[in-house]
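Step one of this worksheet: look at the structure below.
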Protein chains: 2
Amino acid sequence: MRASKKAKLTGRGWKVGDTKEFLDLSSEEAALIELRLKLAEGLKARRKRKRLTQHDLAAAVQSSQSRVAKMESGDPTVSIDLLMRSLIALGASRRDLARIIAPR
Amino acid sequence: MRASKKAKLTGRGWKVGDTKEFLDLSSEEAALIELRLKLAEGLKARRKRKRLTQHDLAAAVQSSQSRVAKMESGDPTVSIDLLMRSLIALGASRRDLARIIAPR
DNA sequence: TGACCGTATGTCAGAACTGACATACACTAG
DNA sequence: CTAGTGTATGTCAGTTCTGACATACGGTCA
């Protein structure tokens, strides 16, 4: 059911959707992507500050180097859950997370 | 692989784990749970402020009333992704999200 | 040059999450 | 009581995400 949107995009051309779909994609979906990117940046920065390799971080969160690379690149196959878990594993507090999401 | 932890908890009694596992559970995992709860509260508050029913919200995010109920109760089967998506669907900005995560 | 290190990208089987449904509960109004 | 409305809880098939692996890329050093 959620695949319908993807299908619409990957299909050849632009099947004209209604306004709701358009708004959904351009504003809400965009907001989610921005959020993911903020977390990705925050994670990379935090990891580097601690002078850890992606491999090190992977071990700390029981994941793999390749997934860490995807996390930091904002890859859409990475969940926000995983980003949050990783940040927390690097010692980020809720306030730290808040600052990462909405930098002042 | 991740189910091993759950198994350890649901099994009868407390099989003694090593320190790393203990710390993982008590601090990092707890932080994640707290985060989920903050988002759950934030979602419920925001929905009520808009005078929407769980059913309305479900329609807005293309989910179901039952899942919305689980979201708001901090049910562990609900991902942070879904909570974030729902909050954004209710018009929350990144700054709003930050405030929900780390209230001042 | 070649060996090494850190990072990036693609793939896939297995694990986790999802919407939907059924059903139960709590409350209110008739 | 009965009906209606909103919320809670359990289940499950289908979708999405995950760790692991292979492999490629870029830089450094000898």
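Sequence lines set the chain letters: A, B, ... in the order given, protein chains first and strands last, and positions in each chain run from 1.
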Say you draw a straight line from OG of B:S73 to CD of B:E41; how long is it, rounded to the nearest 0.5 Å? 12.0 Å

How would you label the contact of B:S79 with the nucleic acid (heavy atoms, under 4.0 Å): base, sugar-phosphate, or nothing? sugar-phosphate

Atom CZ of A:R51 and atom P of C:dG6 are separated, to the nearest Å, by 14 Å

Calculate the interatomic distance between A:M71 atom CE and D:dA20 atom P; express it in whole Å. 11 Å

Give the rounded distance in Å between these two atoms: CD of B:Q65 and P of D:dT7. 7 Å

May I have the distance from A:Q54 (atom CD) to D:dC25 (atom P), rounded to whole angstrom? 17 Å

Main-chain N/O of A:A102 paired with B:R94 side-chain donor or acceptor, under 3.5 Å: no

Rounded to whole Å, how long is the line connecting atom NZ of B:K70 with atom P of D:dT7? 15 Å

Could you grab the distance from atom CD1 of B:I101 to atom NZ of B:K38, nearest 0.5 Å is fine? 11.0 Å

Heavy-atom nearest nucleotide on DNA chain C taken for B:P76 and for A:T53; more 5' hit belongs to A:T53

Between D:dG19, C:dA8, C:dG19, which nucleotide gets closest to the side-chain atoms of A:L82? D:dG19

Please report the interatomic distance OG(A:S63) to NE2(A:H55), rounded to the nearest 0.5 Å. 11.0 Å

Tell me the interatomic distance from B:L52, atom CG, to D:dT5, atom P, rounded to whole angstroms. 17 Å

Without decimals, in angstroms, what is the distance between B:L57 CG and D:dT5 C1'? 17 Å

Please state whether the base of C:dC21 and the side chain of B:S66 form at least one donor-acceptor pair under 3.5 Å? yes

Which nucleotide, D:dT7, C:dA8, D:dT18, lies nearest any side-chain atom of B:K48? D:dT7

The side chain of B:R47 is closest to which nucleotide in this list: D:dG19, C:dA8, D:dT7? D:dT7

Under the 3.5 angstrom rule, does the side chain of B:K50 hit a backbone N or O of B:L90 as a donor-acceptor pair? yes

From CD of A:Q62 across to P of C:dA15 the rounded distance in Å is 15 Å

Can a side chain N or O of B:R67 be found less than 4.0 Å away from OP1 or OP2 on D:dG10? no

Shortest side-chain distance from B:V78, nucleotide among D:dT18, C:dT18, C:dA20: C:dT18

